[in-house]
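In what follows, a structure is listed as structure tokens, so that the remarks can point back to it.
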Amino acid sequence: MPLALLALAVGAFGIGTTEFVMMGLLPDVADDLHISIPSAGHLVSAYALGVVIGAPLLAAATARVSRRKVLIGLMLLFVAGNVLSAFAPDYHWLLAARFLSGLPHGAFFGVGAVVATNLVAPERKARSVSLMFLGLTVANVVGVPVATLMGQHMGWRSTFLGVSVIGLLAVVSLALLVPRDGTHGPAAGLRGELAALRSLPVWLALGTTVAGFGALFAAYSYITPMLTDAAGYADSSVTLLLALFGVGATAGNLLGGRLADRSMRGTLFGGLVSLAAVLALFPVLMATAWSAALAVVLLGTAAFVTSSPLLLMVMEKASSAPSLASSANQAAFNLANAGGAWIGGLALAAGLGVTSPAVVGAGLAVLGLGVAGVAYVVDKRGPVPAGGRERVVASHVPEHAESVHH
């Protein structure tokens, strides 16, 4: 695999760290800025809103620019957002800085996925995407716990300065390792880019992402009370258990990338079935400490098996705007985050029990499986997508890639 994938993984590591670390720093930020915990929680929402807005717009607006330059520019914007977060004088400035930090998130993964797939042979495309996302999953194992401890002992502002350093390392890595290939997106302009999303198969693929990862976040958003109230773990053990989730997510991401290169739809269907089964078993698995720990690992594995095939499917269905499509998939992922947490919260508020969000999540996974099934039927009955190939993402390999293969 090309070393350029390492540069993409470094950027993904920084993004994953800053996205999830805020959850562990909410009490510290609230105390320092003299705000309530719910108000501090809006900082998480501000970041997610930045992702949803920035992902498609930045990818479309930079379609005619060299993807290497776009990646470097997006990471510089990421660094700026985190530096401003570290020096924010009050809550409102921090809210704006978190929004700014989220803007490049989706576009970075979207453009990065196109670069990653163009660097390798067609039969390795899913694995190349999984290696880029390896930075995101490893962030949950190492980056988030370390950054949380740093924030708790050195002040929450130090965390964002540390993430800024990671961002600068990513900028240097991208500049040194991503080829100067002059690769540009389609020259159709903003209107042409957005027109690529006017397709039922694209929206079905995005809908599968929303439902599938909504299933994950319906349960994961409330994993702490499940572990403490149902499984009997102490609060101090939760951080270690969340790291186990990251281990499972890392394993699932790598496994999904390898399997998707053999059968993209088969991997997607298998992952969603596994996710539904794991979530349905949560009430049983949370009955003992050892099985609860196993459940956390299995949840991460089953959910992230689907990440590579979902991304490649969206790129395939919007062949004329793969950067925009994969960026839109990141926006869908964040909508799943917010929507899944909301639906899981409804189950808790209804008094259905501490493990009820997982059961609701199982239902969402089944819904995602249904949407994926509809997409499969539409593909079988409909015309071949523009470009004339079933696997559109494999239809173009830059000239420089031949040297990589040899």
Side-chain angles (χ1 to χ4, degrees), residues 16 19-20 23-24 130 133-134 136-142 144-145 208-233 237-257 259 267-310 333-334 336-345 347-348 353-369:
E19 179 181 17
F20 294 108
M23 286 76 158
S130 70
F133 277 101
L134 186 64
L136 182 66
T137 55
V138 170
N140 283 282
V141 183
V142 180
V144 174
T208 305
T209 297
V210 173
F213 276 97
L216 165 65
F217 286 110
Y220 187 67
S221 300
Y222 306 98
I223 195 70
T224 296
M226 291 187 206
L227 292 170
T228 55
D229 297 348
Y233 279 101
S237 303
V238 171
T239 300
L240 176 60
L241 290 164
L242 294 183
L244 288 179
F245 172 83
V247 171
T250 300
N253 175 53
L254 292 175
L255 177 63
L259 293 177
T267 303
L268 176 59
F269 288 142
L272 289 172
V273 169
S274 300
L275 180 59
V278 169
L279 289 170
L281 289 172
F282 249 57
V284 176
L285 295 173
M286 285 292 160
T288 62
W290 72 268
S291 59
L294 176 63
V296 172
V297 176
L298 292 177
L299 178 62
T301 304
F304 278 86
V305 160
T306 65
S307 59
S308 294
L310 277 172
F333 180 88
N334 278 268
N337 188 340
W342 177 69
I343 294 173
L348 278 180
V354 71
T355 58
S356 61
V359 179
V360 172
L364 287 174
V366 172
L367 176 61
L369 191 62

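- Annotation for Ala215 and Gly361: closest pair CB-O, 3.0 Å, computed over non-hydrogen atoms.
- Put simply, OG1 on Thr355 and CD1 on Ile223 are 10.5 Å apart, with the number rounded to the nearest 0.5 Å.
- The backbone N or O of Gly345 lies less than 3.5 Å from a partner atom in the side chain of Tyr222, making a donor-acceptor pair.
- What you find for Val360 and Ala347 is that their closest heavy atoms are CG2-CB, 3.7 Å.
- The aromatic rings of Phe245 and Tyr220 lie parallel to each other, their planes meeting at an angle below 30°, with 60° marking the opposite boundary.
- Contact annotation: the side chain of Val359 never approaches that of Phe282 to less than 4.5 Å [non-hydrogen atoms, C-beta and beyond].
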Quick one: do Phe217 and Trp342 satisfy side-chain contact (heavy atoms from CB on, under 4.5 Å)? Show the steps, please. CA-CA 9 Å; Phe217 286 110; Trp342 177 69; over 6 Å; no
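- Atom OG1 of Thr224 is separated from atom CG of Leu242 by 5.5 Å, given to the nearest 0.5 angstrom.
- Judged by distance alone, the side chain of Thr267 and the main-chain N or O of Leu259 form a donor-acceptor pair under 3.5 Å.
- Of the inter-residue distances, the one linking Leu299 atom CG with Leu294 atom CG reads 11.0 Å to the nearest 0.5 angstrom.
- Residue Thr306 holds its OG1 atom at 8.5 Å from CG of Leu216, rounded to the nearest 0.5 Å.
- At a threshold of 4.5 Å between non-hydrogen side-chain atoms, the residues Met286 and Leu281 do not count as touching.
- The backbone N or O of Phe304 sits nowhere less than 3.5 Å from a side-chain atom of Asn253 that would complete a donor-acceptor pair.
- Distance OG1/Thr228 to CG/Leu241: 10.5 Å, rounded to 0.5 Å.
- Leu254 is listed as a side-chain neighbour of Leu134, based on a closest heavy-atom distance under 4.5 Å.
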Ser307 and Phe213: CA distance, side-chain angles, deciding distance, side-chain contact (heavy atoms from CB on, under 4.5 Å) verdict: CA-CA 9 Å; Ser307 59; Phe213 276 97; 4.2 Å; yes
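- Scanning both residues, Leu348 and Val354, for their nearest heavy atoms gives CD2-CA, 3.8 Å.
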For side-chain contact (heavy atoms from CB on, under 4.5 Å), just list the numbers for Leu227 and Val296, CA-CA rounded to whole Å, side-chain angles, deciding distance to a tenth of an Å, and then say yes or no. CA-CA 9 Å; Leu227 292 170; Val296 172; 4.0 Å; yes
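- Here the OG1-CG distance, from Thr250 to Leu136, works out to 9.0 Å after rounding to the nearest 0.5 Å.
- With Thr301 contributing its side chain and Gly248 its backbone, the two residues share a donor-acceptor pair below 3.5 Å.
- The closest donor-acceptor contact from the side chain of Ser291 to the backbone of Leu285 lies under 3.5 Å.
- What you find for Pro145 and Val141 is that their closest heavy atoms are CG-O, 3.4 Å.
- When all heavy atoms are compared, the tightest approach of Pro357 to Met226 is CB-CE, 4.1 Å.
- A pairwise comparison of heavy atoms in Val144 and Gly16 identifies CG2-O, 4.1 Å as the closest pair.
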